[in-house]
Every structure is written in C-alpha cells, then in structure tokens.
Amino acid sequence: MTNDIPTTTREIHLASRPEGWPTPENFDLVEVDLPALADGQVLVKNHYMSVDPYMRGRMNDVKSYVPPFAIGKPLDGGAIGEVVASSADSVPVGATVLHGLGWREYAVLDAGSVRVVDAGQIGESTYLGALGMTGLTAYAGLVYAADFHEGDVVFVSGAAGAVGSMVGQIAKALGASRVIGSAGSPEKVARLKELGFDAAFDYHDGRVVDQLREAAPDGIDVYFDNVGADHLEAAITVLNPGGRIAMCGAIAQYNETEPPAAPRNLALAIGKQLRIQGFLVGPYADKMGEYADKMGGWLANGSVQFDETIREGLENAPQAFIDLLRGANTGKMLVRL
C-alpha cells in the first residue's frame, strides 16, 4: 500500500439505544484504525451511503430478522464507492462497488461481499435507490407479495418516500387502473401527481379513511403499506373483497413507546377474504435481474422518475436518519461522503 492510502477512517457508532425518537446523542462520530488488507480483500472509499427506516428497529435490543446494532460499534447499511486498494484480482483498484458497510468513510471488505457496478451513465447513487434494494423492494412487494394484476386500484402510504414513490410508478407502468398515494405535505402531494399518481392526499388534512374513500370511490384492490396504524385501518375499510395488502413497513409506530391502537377493524379481513402478506426484500434477491431489466427500460423511456434528498458529510448522517423518520425526505435519503 502506498502512502496516499488511508490508515484511519471515521465511523458513526451507536452510542446508546433510543427510547422513542432517536436523538443526536444516540450516535458517536469516531476515528478508528483501518486494518491491513488480507488476501482477497478490498479497501473502499465510500461516496454515498443510505439511511433507511428499517435501521430504527435495529437500534432496539430485540430479536428480529437482522441482528440489532451493537452499542459502541459502527452501524451499517447500503453504500457505494470506489476501490482504492485491492488484494483481490477479481475487484481491481478503481472499480465502483456496491456493499453493506455504510456509516463510515472507508470500509475493508472481502471481495466476495461487494458487487462491481457500472455507474457511468446512471450515477452511483441510483444503485442505492431506483436500481438497488429500494427499487426491488417496491417491485417485489407489489408484484409478488401483493400479487398485483393489471387493472388493479392501488393505494400506497408513505408514497413520497423512496419505496412508495417507486411502487406507485411501477404500478402505473404495469397497468394499474388507478394509483393513490398519501404523503405528509402539500409539496409532496403535488410531486406525487407529477409522478403520475391519479390521486394523492395529505394525511394531515383529515381522517385517512375519509380521504381514501374520496380518492377511491370504487374501493382499492391493493394496499402497499409503509406506515401502518391509521393508514392500515383505513385500507382495510376501503379494500374490495379479495383485496391484498403488502406490509413493507410501519413507520408510524417505529418510535412509539406504547402499542398502536390501530387497526381496530381487522375482523373485516374475514368477510372480505383479504390477504395480508408481510414481506422482506431478501427472499426476492433472485428477482433483481428481472427487475433491473424492466426498470432500465422504464427509466429510459421516462415512465419512471426518482427523487433523491442528499445530505453532505458523514458527520451529518445521524441527523439525516432522524430527519428521514420525520418525513423530511422526498424520494431516497442519502448521505454523500
């Protein structure tokens, strides 16, 4: 390794477990030594890192589908950057790679745990959003978990977020008869309409169930749930018989210390013969090629667009995450390092 290769990196560590909403005091910015590369490893300078709602659950010390973050250790998550040193023939210096060690400026990884990508035309950040796990989550949740069919009426909550905005546009591209989205501000509602949503509403403007009924007078067939709570309750009320729910997230309750009251109408699922399917993106990893082919075409012909909210600097990653949970983003929230 030459003298211009760094020997230290800055990382964000979890300082303490949040009680309710996270605060900046729950995070530490720490400088640590980088280990020497072993055979088959690469050193990556991260250019972008992702902050995502699921990370809030990993800050709790509870058993889940992924291990919790450890106190005093770095957080992790999706990131993309450039290989600046390599002891692996398969991943040369200069390659752009996608990997899972975000929340740090430099990362040492086994070559087998990175994916080399060509970001020349579409831009690196796209691989963390529209052409990454975010986009695949939207596609797999809609097409497979919700068993979408052409002609369906689709309702998406959290529709101006990274996943939600993709869901609505994918549904339109696949032939939905009507797509409805909820969001948290007039500006986001306006943006959803620009993206091709047939109707959108601000959930602050009145009861969700009333606004959803107005937007979907003939009911809905699919609900893609990013919010939970009153949105889930409203969707159960308005879903047509045989309707399907894909449960992707429940951001309305991630930071609550008391169990949510809603949905209080779950018994309606019996008579309506609803199907409620929770899902994770991991089991659909084999659909990435199928998805990337379709999304590449949609991006090329303009039928799908994507938004990004970008914050600058690793030191601002905790605040970017906190702001994400409060809905400050339109589209994908990223930190540029």
Side-chain angles (χ1 to χ4, degrees), residues 48 50 52-53 78 80 96 98 115-183 188-200 215 220-226 244 246 248-249 279-310 329-334:
Y48 292 91
S50 176
D52 301 285
I80 191 167
T96 300
L98 189 66
R115 174 184 162 208
V116 178
V117 297
D118 179 4
Q121 293 187 341
I122 64 171
E124 293 178 339
S125 61
T126 309
Y127 282 101
L128 295 174
L131 283 176
M133 285 298 113
T134 296
L136 180 61
T137 299
Y139 178 78
L142 178 69
V143 172
Y144 292 102
D147 191 23
F148 171 85
H149 292 87
E150 185 177 353
D152 280 343
V153 178
V154 178
F155 171 46
V156 188
S157 59
V163 172
S165 59
M166 287 287 107
V167 173
Q169 294 181 86
I170 291 170
K172 290 294 288 186
L174 292 176
S177 62
R178 187 167 178 80
V179 174
I180 302 150
S182 71
K188 289 182 178 181
V189 167
R191 180 56 179 155
L192 292 178
K193 293 177 180 178
E194 291 174 354
L195 293 176
F197 282 67
D198 297 289
I220 61 175
D221 303 301
V222 168
Y223 171 46
F224 194 105
D225 189 17
N226 291 305
R244 290 90 67 203
C248 179
F279 78 98
L280 303 172
V281 68
Y284 296 102
D286 64 335
K287 307 297 183 185
M288 179 56 93
E290 169 190 323
Y291 166 69
D293 286 345
K294 291 184 178 181
M295 181 53 69
W298 292 330
L299 291 173
N301 67 24
S303 58
V304 173
Q305 304 173 49
F306 62 91
D307 293 320
E308 296 176 333
T309 301
I310 297 176
N329 60 303
T330 299
K332 181 71 177 176
M333 178 72 91
L334 298 163

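- Looking at Arg244 and Asp221, their side chains come closer than 4.5 Å, going by heavy atoms from C-beta outward.
- To the nearest 0.5 Å, atoms CD (Glu308) and OG1 (Thr330) are separated by 12.0 Å.
- In this structure, Tyr127 contributes its side chain and Asp118 its backbone to a donor-acceptor pair below 3.5 Å.
- Between the side chain of Arg178 and the main chain of Ala199, no donor-acceptor pair closer than 3.5 Å is present.
- In this structure, Val117 and Glu124 have side chains that are not in contact, with every pair of non-hydrogen atoms separated by 4.5 Å or more.
- Other residues, nucleotides and ligands place no more than 12 heavy atoms under 6.0 Å from the CD atom of Glu150.
- Residue Met295 holds its CE atom at 4.0 Å from CD1 of Ile170, rounded to the nearest 0.5 Å.
- Atoms CG and OG, from Asp152 and Ser177 in turn, are 7.0 Å apart once rounded to the nearest 0.5 Å.
- In this structure, Thr137 and Tyr284 have side chains that are not in contact, with every pair of non-hydrogen atoms separated by 4.5 Å or more.
- For the pair Ala171 and Val179, the tightest heavy-atom approach, listed with the atom from each and the gap, is CB-CG2, 3.9 Å.
- In this structure, Gln169 contributes its side chain and Gln305 its backbone to a donor-acceptor pair below 3.5 Å.
- Nearest heavy-atom pair, Gly132 versus Tyr291, reported as atom, atom and distance to 0.1 Å: O-CE2, 4.5 Å.
- Here the closest heavy-atom approach between residue Leu192 and residue Ala183 is recorded as CD1-CB, 4.1 Å.
- Scanning both residues, Ala176 and Val154, for their nearest heavy atoms gives CB-CG2, 4.3 Å.
- The shortest distance between side-chain heavy atoms of Tyr139 and Met166 does not fall below 4.5 Å.
- Between Tyr223 and Ser157, the side chains place a donor N or O and an acceptor N or O closer than 3.5 Å (distance only, hydrogens not considered).
- With Met333 as reference, Thr309 is the one residue of Thr309, Asp52, Ile310 to meet the side chain to side chain contact (heavy atoms under 4.5 Å, CB included) rule.
- Of all heavy-atom pairs spanning Phe155 and Ile220, the tightest one is CB-CD1, 3.8 Å.
- Considering every non-hydrogen atom in both Phe306 and Ala130, the closest pair reads CD2-CB, 3.8 Å.
- Residues Thr126 and Tyr48 are not in side-chain contact: their nearest non-hydrogen atoms beyond the backbone lie 4.5 Å or more apart.
- Put simply, CG on Asn329 and CG on Asp307 are 10.0 Å apart, with the number rounded to the nearest 0.5 Å.
- Here the side chains of Ser165 and Leu195 are in contact, with some heavy-atom distance below 4.5 Å.
- In the model, Lys172 has no side-chain atom that pairs as donor or acceptor with a side-chain atom of Ser303 under 3.5 Å.
- Counting heavy atoms from C-beta on, the side chains of Ile122 and Leu299 never come closer than 4.5 Å.
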